[in-house]
Amino acid sequence: IIESDIFNESKSKCEIMDISSTGLSFSHPQSKHFGKLFSIGGTVLFDIYEESVNIGSFRAVVRNIKPLEKLFRIGCQ
């Protein structure tokens, strides 16, 4: 599936900037593939880790993308 361009994958470890009962936001480094990875209304699949323990795998919809100095802040619901 990844090879067919249905899904694109980033192996970056991203820091959660904010988390609440309605969503979360995380930072992601800028890259030439950023536009293929994230779009408003797009679905992201991600794993959350606490230290080295996998808390779980989750799905969210991108609600906003804000450029920061060296990163993008991606808000999801």
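Here, residue 1 is the first one in the sequence, and each next residue gets the next number.
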- request: Applying side-chain hydrogen bond (donor to acceptor under 3.5 Å, both in side chains), name anything that partners D18, two or more places apart in sequence or on another chain.
  value: none
Hey, any chance [X] and [Y] share a hydrophobic cluster, counting ILVMFWY side chains that come within less than 4.5 Å of each other, even indirectly?
| X | Y | answer |
| --- | --- | --- |
| I16 | V44 | yes |
| I19 | F38 | yes |
| V61 | F58 | no |
| L71 | L24 | no |
| I55 | F46 | yes |

message: Between M17 and L68, is the side chain to side chain contact (heavy atoms under 4.5 Å, CB included) condition met? List the steps.
response: CA-CA 12 Å; M17 301 177 85; L68 303 175; 3.9 Å; yes
message: Counting C-beta onward and ignoring hydrogens, is there a side-chain heavy-atom pair between F72 and Q30 closer than 4.5 Å?
response: yes
query: Side chains of R73 and S25: do they bring a donor and an acceptor to under 3.5 Å?
result: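 Checked: R73/S25 side chains pair up, N/O donor to acceptor below 3.5 Å.
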- prompt: If you take all heavy atoms of N54 and S57, which pair is closest and at what distance?
  reply: OD1-N, 4.5 Å
Residue pair I40 / R63: nearest heavy atoms and the distance that separates them: CG2-O, 3.9 Å
query: To the nearest 0.5 Å, what is the distance between CG (D47) and SG (C14)?
result: 11.5 Å
message: Go through it in stages, so that I can follow the logic: the residues are E15 and F26, the test is side chain to side chain contact (heavy atoms under 4.5 Å, CB included), and I'd like the CA-CA distance, side-chain angles, deciding distance and then a yes or no.
response: CA-CA 6 Å; E15 180 181 335; F26 62 92; over 6 Å; no
